[in-house]
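Starting from 1, each residue takes its place in the sequence as its number. Order of appearance sets the numbers: ligands from 1, and atoms from 1 within every ligand. Note: hydrogens, waters and symmetry copies are ignored here, and every other heavy atom, side chains too, is used.
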Amino acid sequence: MILTVTLNPSLDRTIEIAELTRGTVIRAGAARLDPGGKGVNVSRALLANDVPTCAVVPYGGDEGRRLVELLSDEGIDMIMVPVSGATRSNITLAEPDGTVTKINEPGTPLTPAELETLAAAVLDAAGAADWVVASGSLPPGVPTDIYARLCRRFAKAGIRTAVDTSGPALVAALAAGPALVKPNREELATAAGVPVTTLGDAIDAARKLRAMGARTVLASLGADGAVLVEGEAEERVWYGTAEVAEPRSTVGAGDAMLAGFLAAGARGRDALAEGLAWAAAAVAQPGSRMPRPHDIRRDTVRFPPPDPDLPLRSGG
Ligand SMILES: Nc1ncnc2c1ncn2[C@@H]1O[C@H](COP(=O)(O)OP(=O)(O)OP(=O)(O)O)[C@@H](O)[C@H]1O
Ligand SMILES: O=P(O)(O)OC[C@@]1(O)O[C@H](CO)[C@@H](O)[C@@H]1O
């Protein structure tokens, strides 16, 4: 069972527009509301593909009740923790070419008592878990080292932790020796403190995150694919891509990648291939809909030679 922890979940509203033009009234096309938050999405992707999972979800206000309703409709097994602050709403403006512009609210602070209750719920549920996924931003006021503390606590119990976050929370988590981190290109560059403009930069930065404490680094690179750097006695580096004919929304693609990678055993080329296939399928979905088995096409995955001078196309 894969337990996910999302301290800052969200309601994700995706609005399809023809073109984003500042300072104008834009007549929207289709709109959809999805449950959101990085750990929530990992559980959604796992559930959609029949992999046992449970999501720890703090929720508050009408927005939080709506989030729980949406997750219940999807059949997610949840540990719901009521909190006083309202669950945040994040907006995605999606253009026809797949470009998305995202506006994420900061979320509302968790009180120390609420954080304690959440940590206790996680620790209680972690006993039945093969992995704990601590994923997403931290709400205001939550200590930056919260993921690091959870990593250390789970390590004592022999439970592996995967962390997908950014900035100081990621750097603090690295020092706790997580089994796996899943930064995107921007998060990788920031944590490593180096620019990442080529594939070689990405591999070197991933190596640096391993030196900072991560055992395995799965670095997603947007349309350029992903790099996996792993290995105990002997380091192994894999680079893969998966083309998407018609990108619709990249929101949640990294979460789907992490879910697919974990579902396939979280090591080696085959697990990277599965993560790439789930991510590519997610990009072809509207909003942050997670791919189901019939959406996932493994024949699009490629493992080109990892040319260190390959310039990375996507932003970050
Ligand atoms: N435009 C694209 N075309 C093809 N594949 C893509 C595209 N964008 C993303 N992907 C796939 O999704 C993976 C994750 O994308 P990205 O690096 O943007 O992660 P992320 O920022 O963590 O995503 P999110 O936070 O929205 O879940 C990429 O490694 C790639 O496999
Ligand atoms: O603000 P965070 O926690 O970094 O990211 C939140 C978020 O953008 O991540 C998911 C996509 O990965 C969305 O469901 C959600 O809106």
Participant: Answer yes or no: does atom CZ of Arg297 have more than 12 heavy-atom neighbours from other residues, nucleotides or ligands under 6.0 Å?
Facilitator: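 For Arg297, atom CZ is not crowded (no more than 12 foreign heavy atoms under 6.0 Å).
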
Participant: Using the six-membered ring of Phe303, assess whether NZ or CZ of Arg269 lies under 6.0 Å from its centre and within 45 degrees of the ring axis.
Facilitator: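 Arg269 over Phe303 ring: yes.
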
Participant: Record the part of Thr92 in heavy-atom contact with ligand 2 below 4.0 Å; permitted values are side chain, backbone, both and neither.
Facilitator: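 For Thr92, no heavy atom sits under 4.0 Å from ligand 2.
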
Participant: Just jot down the ligand 1 atoms closer than 4.0 angstrom to any heavy atom of Ala279, in number order.
Facilitator: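 Heavy-atom distances to Ala279 below 4.0 Å select 11 (C), 12 (O), 13 (C), 31 (O).
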
Participant: For atom 19 (O) of ligand 1, find the nearest protein heavy atom and state the residue, atom name and distance (0.1 Å precision).
Facilitator: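 The answer is Ser220 OG, 3.2 Å.
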
Participant: Among protein heavy atoms, which lies nearest atom 23 (O) of ligand 1, and at what distance?
Facilitator: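 Going atom by atom, the protein heavy atom closest to atom 23 (O) of ligand 1 ends up being Gly254 N, 3.2 Å.
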
Participant: Give the minimum heavy-atom separation between Val217 and Ala214, together with the two atoms involved.
Facilitator: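 Of all heavy-atom pairs spanning Val217 and Ala214, the closest is CG2-CB, 4.0 Å.
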
Participant: Which atoms from ligand 2 have a heavy atom of Gly136 less than 4.0 Å away?
Facilitator: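 That gives atoms 3 (O) of ligand 2.
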
Participant: Can you pull out the closest protein heavy atom to atom 26 (O) of ligand 1? Residue, atom name and distance to 0.1 Å, please.
Facilitator: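 Among all protein heavy atoms, the one nearest atom 26 (O) of ligand 1 is Gly252 N, 3.1 Å.
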
Participant: Quick one: look up the protein heavy atom nearest atom 1 (N) of ligand 1 and list residue, atom name and how far away it is.
Facilitator: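 Minimum-distance protein heavy atom for atom 1 (N) of ligand 1 reads Ala223 CB, 3.7 Å.
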
Participant: Looking only at side-chain N and O atoms, does Thr6 offer a donor or acceptor that is under 3.5 Å from a partner on Lys38?
Facilitator: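 No, no side-chain donor-acceptor pair sits under 3.5 Å.
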
Participant: Please state which part of Leu276 comes within less than 4.0 Å of ligand 1, counting heavy atoms only: side chain, backbone, both or neither.
Facilitator: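 It is the side chain that touches ligand 1; the backbone stays farther off.
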
Participant: Could you tell me, atom by atom, which parts of ligand 1 come under 4.0 Å of a heavy atom of Val244?
Facilitator: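 Taking each heavy atom of Val244 in turn, ligand 1 has 4 (C), 5 (N) under 4.0 Å.
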
Participant: What is the minimum heavy-atom distance between Pro9 and Val40, and which atoms define it?
Facilitator: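 Scanning both residues, the minimum pair turns out to be CB-CG2, 4.4 Å.
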
Participant: If you define the side chain from C-beta out and look only at heavy atoms, does anything of Cys151 sit under 4.5 Å from Val163?
Facilitator: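 Yes, their side chains come closer than 4.5 Å.
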
Participant: So which heavy atom in the protein is nearest atom 14 (O) of ligand 2, and how far is it from that ligand atom?
Facilitator: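 Minimum-distance protein heavy atom for atom 14 (O) of ligand 2 reads Asp12 OD2, 2.4 Å.
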
Participant: Flag Ser288 as yes when one of its N or O atoms lies below 3.5 Å from any N or O atom of ligand 2, and as no otherwise.
Facilitator: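 The answer is no, given that Ser288 and ligand 2 share no N or O pair closer than 3.5 Å.
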
Participant: Please could you name the atoms of ligand 1 that Leu221 approaches to less than 4.0 Å, counting only its heavy atoms?
Facilitator: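 Atoms satisfying the 4.0 Å criterion: 17 (O), 29 (O).
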
Participant: Between Ala256 and Pro291, which heavy-atom pair has the shortest distance, and what is it?
Facilitator: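 Minimum heavy-atom separation between Ala256 and Pro291: CB-CD, 4.4 Å.
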
Participant: Please determine whether any non-hydrogen atom of Arg185 lies less than 4.0 Å from an atom of ligand 1.
Facilitator: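 Per 4.0 Å heavy-atom rule, Arg185 does not contact ligand 1.
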
Participant: What's the spacing between Leu228 CG and Tyr239 OH if we round to 0.5 Å?
Facilitator: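 Those atoms lie 13.5 Å apart.
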
Participant: Where do Asn90 and Glu105 come nearest, in terms of heavy atoms and distance?
Facilitator: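 For Asn90 versus Glu105, the nearest heavy atoms are OD1-N, 2.9 Å.
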
Participant: In terms of side-chain heavy atoms, does Ser137 have a donor or acceptor partner in Asn8 at a distance below 3.5 Å?
Facilitator: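 Checked: Ser137/Asn8 side chains pair up, N/O donor to acceptor below 3.5 Å.
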
Participant: Considering only heavy atoms from C-beta outward, does the side chain of Glu230 approach that of Val237 to under 4.5 Å?
Facilitator: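 They are not in side-chain contact.
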
Participant: Taking non-hydrogen atoms only, is Thr250 closer than 4.0 angstrom to ligand 1 via side chain, backbone, both or neither?
Facilitator: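 It is both backbone and side chain that touch ligand 1.
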
Participant: Of all the non-hydrogen atoms in the protein, which one sits nearest to atom 5 (O) of ligand 2, and at what distance?
Facilitator: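 Going atom by atom, the protein heavy atom closest to atom 5 (O) of ligand 2 ends up being Asn104 ND2, 3.5 Å.
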
Participant: Would you mind listing which atoms of ligand 1 come within a distance below 4.0 Å of any non-hydrogen atom of Val251?
Facilitator: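 In order of number, 26 (O).
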
Participant: Is it true that Glu114 and Ser84 share a donor-acceptor pair across their side chains at a distance under 3.5 Å?
Facilitator: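 Looking only at side-chain atoms, Glu114 and Ser84 do form a donor-acceptor pair, the distance falling under 3.5 Å.
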
Participant: With rounding to the nearest 0.5 Å, note down the distance linking CG in Leu93 to CD1 in Ile17.
Facilitator: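 Rounded to the nearest 0.5 Å, the CG-CD1 separation comes out at 5.0 Å.
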
Participant: Quick check on contacts: which atoms of ligand 1 are under 4.0 angstrom from a heavy atom of Met257?
Facilitator: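 In order of numbering, the contacting atoms are 29 (O), 31 (O).
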
Participant: Against ligand 2, does Ser10 come closer than 4.0 Å with any heavy atom?
Facilitator: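 Yes, that is the case, since the closest heavy atom of the residue is under 4.0 Å from the ligand.
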
Participant: What do we get for Lys182 next to ligand 1 when only non-hydrogen atoms under 4.0 Å count, side chain, backbone, both or neither?
Facilitator: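 Side chain only.
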
Participant: Quick check: Gly222 and ligand 1, any N/O pair under 3.5 Å apart?
Facilitator: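 Checking ligand 1 against Gly222, an N or O pair does fall under 3.5 Å apart.
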
Participant: Using every non-hydrogen atom in the two residues, find where Ile26 and Thr21 come nearest and quote the distance to one decimal.
Facilitator: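 It is CD1-N, 3.7 Å.
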
Participant: Quick one: does Gly225 get a heavy atom under 4.0 Å from ligand 1?
Facilitator: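 Distance cut 4.0 Å: Gly225 passes for ligand 1.
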
Participant: Hey, does Arg44 sit under 4.0 Å from ligand 2 if you only count heavy atoms?
Facilitator: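 Judged by the 4.0 Å heavy-atom criterion, Arg44 does not count as contacting ligand 2.
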
Participant: Could you establish whether Gly252 and ligand 2 come within less than 4.0 Å of each other, counting only heavy atoms on the residue side?
Facilitator: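 Yes, that is the case, since the closest heavy atom of the residue is under 4.0 Å from the ligand.
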
Participant: What closest approach, in Å, do Glu187 and Ser166 show between heavy atoms, and which atom pair accounts for it?
Facilitator: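 So the minimum-distance heavy-atom pair works out to CG-CB, 3.6 Å.
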
Participant: To the nearest 0.1 Å, how far is atom 25 (O) of ligand 1 from its closest protein heavy atom, and which atom is that?
Facilitator: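 Closest protein heavy atom to atom 25 (O) of ligand 1: Lys38 NZ, 2.6 Å.
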
Participant: Please say whether Glu243 places an N or O atom under 3.5 Å from an N or O atom belonging to ligand 1.
Facilitator: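 There is no such contact.
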
Participant: Going by the order shown, which atoms of ligand 1 are within less than 4.0 Å of some heavy atom of Asp255?
Facilitator: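 Ligand 1 atoms under the 4.0 Å threshold to Asp255: 27 (O).
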
Participant: Which residue and non-hydrogen atom of the protein lie closest to atom 21 (O) of ligand 1, and at what distance in Å?
Facilitator: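 So the nearest neighbour among protein heavy atoms is Asn184 ND2, 3.0 Å.
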
Participant: Below 3.5 Å, N or O to N or O, backbone or side chain included: is there any such pair between Gly37 and ligand 2?
Facilitator: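 Yes, at least one N or O pair falls under 3.5 Å.
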
Participant: Side chains of Val57 and Leu67: does their closest heavy-atom pair fall under 4.5 Å?
Facilitator: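 SC-SC contact between Val57 and Leu67 confirmed.
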
